[in-house]
Visitor: 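Quick one: the structure is below, and I'll ask about it shortly.
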Number of protein chains: 2
Amino acid sequence: MAKQLKNLKPVDTGSLVDKVEVRLLSFFKENNLKPGDSIPKELEFADSLGVSRTVVREALLRLRTLGLIDSKKHKGMTLKRPDIINNFARIMDPTLLGEDTLKQLFEFRLILEMGMADFLFEHKIQKDMDELEAIVEAEEATSSGKIRFTLDKEVAFHGKLYQMSNNITLQKFQDLLLPVFNYVYQNDTKNTDLDGYHFSNGQFVSHRMLLKNLKVGTPETFRNAMRRHLEPHFDHAFKKDAGK
Amino acid sequence: MAKQLKNLKPVDTGSLVDKVEVRLLSFFKENNLKPGDSIPKELEFADSLGVSRTVVREALLRLRTLGLIDSKKHKGMTLKRPDIINNFARIMDPTLLGEDTLKQLFEFRLILEMGMADFLFEHKIQKDMDELEAIVEAEEATSSGKIRFTLDKEVAFHGKLYQMSNNITLQKFQDLLLPVFNYVYQNDTKNTDLDGYHFSNGQFVSHRMLLKNLKVGTPETFRNAMRRHLEPHFDHAFKKDAGK
DNA sequence: GTTTGTATTATGTCATACATATTTAATGAA
DNA sequence: TTCATTAAATATGTATGACATAATACAAAC
């Protein structure tokens, strides 16, 4: 490695687009532009910044991709309230995410489900409880006595819980995470018999029991119940840890 | 409104860039390209797809903005493992997010902190516990007997907890959420005396007590302690609900 | 063998032109 | 005047051609 000369820091090699993007963002801030406001034209930016329209376009395109700007074809561009979740959607592809990230997202789900109890109790209404009841009954009907773990039933029940949390962002987040779980299940649980837990572990908590707890219990009791319901998944998460 | 003619669906008015973006993504998938692999040149894409280099560039730029592609200046482009979190960073600007989103992100934090107990206990090691101890002591020293709520102390303690969860994604997520909380505190707690809780509510749990619980307790007891520690914030979250 | 020069190459940047839908202004007919 | 039609101006989307620049590889020179 060539030795580092003193007093000679590397020159700024960043691209123009990078700089323009920063300038644009600070421009919006300084002018106190809010979502809905329209912004200057590409050419105006180009002239003011002393760069070509191409560069401005690319910088604006970045912000558009991030959801900060809305562009209507022959009208102009306006500031937009960014949709947190939408940005995730396009990259939440299990085949592109690394093993470690997938694992961490899986843990993320466990954390969310453990932590949402208070919001469930705070916002629970009869209508939702009825629907949850229906979901559990449908599940029990198809399982015909035998306790069977099926992914779609899981999704139906837990998805309803997310919905009942009354937090749209959380809900959408869960929607995004679904394919990840699907993927993790298909790949990591090949040799894991989740059913085993249902029989071997006397403490296992079913959806029915969670539902009842949500009816007559408290956030505290519900969390404990949920913890036991998720026992196999926690085991799975922690076991993988040990293996690394 | 003009009547809708039968058998005449509107023509595809989507931009070329949109289509090219989709084509590119499916190209990567079909050719089973994985992170690290290099992809064809802009001109090759342009020729194959029958569009100008401009369009290809814009489509590629989108994917780059999303973190799916890495572009090195005069070498070429390679597929990249997208960094889930990085995308958030640029848009997580409290002044751009809506009131409702801010509120939901605030709730998100509560959910996370309530749900991470099991991971704290699973991964806790002496070194981290010592550091946490140091944080609490520093906090107690500066507060000089008087229990005082200061944001930086909160961040230090709870940030350490996130770190101890051993989940990098969760950690980074928390980092992103910090400015949001900062903002929420500055705006929503003007008339709210959080200190009041420390004295009026006998059940209030301090950082010191949380630490002790983490030492000698269980995930279950820790969750309950955390719930009481977060009591003012839960109250805040639920009170806002009622007001709407 | 190390250095230096050179050609190639892919992205980054610039300039120009045109297409098209939107908006606004102008025009003309009733 | 009022309404409908036309025309002009406008902003983004797309195409094309050109050049700059740095990375790479290879040849040349010492």
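Note on naming: letters A, B, ... go to the chains in the order of the sequence lines (proteins, then strands), and numbering restarts at 1 for each one.
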Visitor: Check whether any side-chain N or O of A:T54 sits under 4.0 Å from OP1 or OP2 of C:dT16, and answer yes or no.
Guide: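 Indeed not, no polar side-chain atom of A:T54 lies that close.
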
Visitor: Taking atom CZ as the centre, does A:R64 end up with more than 12 heavy-atom neighbours from other residues, nucleotides or ligands that are less than 6.0 angstrom away?
Guide: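 Yes, because the 6.0 Å sphere around CZ of A:R64 holds more than 12 heavy atoms from other groups.
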
Visitor: Pair B:F119, A:F234 - check ring-ring contact (aromatic ring centres under 6.0 Å, His included), show working.
Guide: CA-CA 9 Å; B:F119 291 90; A:F234 271 101; 5.7 Å; yes

Visitor: Of all the nucleotides listed (D:dA15, C:dT13, D:dG13), which has the minimum atom distance to the side chain of A:S71?
Guide: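 The answer is D:dG13, which lies nearest to the side chain.
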
Visitor: Check the orientation of A:F108 and A:F173. Use parallel for under 30°, tilted for 30 to 60°, and perpendicular for over 60°.
Guide: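 Ring orientation of A:F108 relative to A:F173: tilted.
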
Visitor: Do any N or O atoms of the protein come closer than 3.5 Å to N or O atoms of nucleotides 9-11 of chain D, and which pairs are they?
Guide:
none

Visitor: Please check if any side-chain donor atom of A:N167 sits under 3.5 Å from a side-chain acceptor atom of A:Q171, or the reverse.
Guide: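 Not at all, the side chains of A:N167 and A:Q171 share no donor-acceptor pair under 3.5 Å.
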
Visitor: Do A:F45 and A:F27 have ring centres separated by under 6.0 Å?
Guide: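 Ring centres of A:F27 and A:F45 closer than 6.0 Å.
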
Visitor: Please work out which of the three classes, parallel, tilted or perpendicular, describes the rings of A:H207 and A:H158, given edges at 30° and 60°.
Guide: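 If you compare the ring of A:H158 with that of A:H207, the planes turn out perpendicular.
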
Visitor: Report the distance from atom CG of B:L49 to atom P of D:dT14, rounded to the nearest whole Å.
Guide: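 Rounding to the nearest Å, CG of B:L49 and P of D:dT14 are 13 Å apart.
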
Visitor: Just how far, in rounded Å, is C1' of C:dG12 from CG of A:D18?
Guide: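 About 11 Å, once rounded to whole Å.
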
Visitor: Taking atom P of D:dG13 as reference, at what distance in whole Å does atom CG of A:L61 sit?
Guide: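 From A:L61 CG to D:dG13 P: 9 Å.
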
Visitor: From CD1 of A:I39 over to C1' of D:dT12, roughly how many Å is that when rounded to an integer?
Guide: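 Computing the A:I39:CD1 to D:dT12:C1' distance gives 12 Å.
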
Visitor: Please state how far atom CG in A:L60 lies from atom P in C:dT13, giving the value in whole angstrom units.
Guide: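 Checked: the CG to P distance equals 14 Å.
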
Visitor: Does A:R57 have a side-chain nitrogen or oxygen under 4.0 Å from the phosphate oxygens OP1 or OP2 of D:dG13?
Guide: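 So the side chain of A:R57 is within the cut-off, an N or O lying under 4.0 Å from OP1 or OP2 of D:dG13.
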
Visitor: Could you state the NZ-P distance from B:K72 to D:dA22, rounded to the nearest angstrom?
Guide: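 Nearest whole value for this atom pair: 17 Å.
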
Visitor: Quick one: is D:dT12 close enough that its OP1 or OP2 comes under 4.0 Å of any side-chain N or O from A:R64?
Guide: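 Indeed not, no polar side-chain atom of A:R64 lies that close.
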
Visitor: Rounded to whole Å, please give me the gap between CD in A:E21 and P in C:dT13.
Guide: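 Taking CD of A:E21 and P of C:dT13, I get 12 Å after rounding.
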
Visitor: Between B:D130 and B:Q126, do the side chains contain an N or O donor and an N or O acceptor separated by less than 3.5 Å?
Guide: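 Checked: B:D130/B:Q126 side chains pair up, N/O donor to acceptor below 3.5 Å.
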
Visitor: Starting at CD1 of B:I69 and ending at P of C:dA10, how long is that distance when rounded to a whole Å?
Guide: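 Between P of C:dA10 and CD1 of B:I69: 16 Å.
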
Visitor: If you take atom types as modelled and just measure distance, does the side chain of B:R53 reach the base of D:dG17 with a donor-acceptor pair under 3.5 Å?
Guide: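 Under the 3.5 Å cut-off, the side chain and the base do not form any donor-acceptor pair.
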
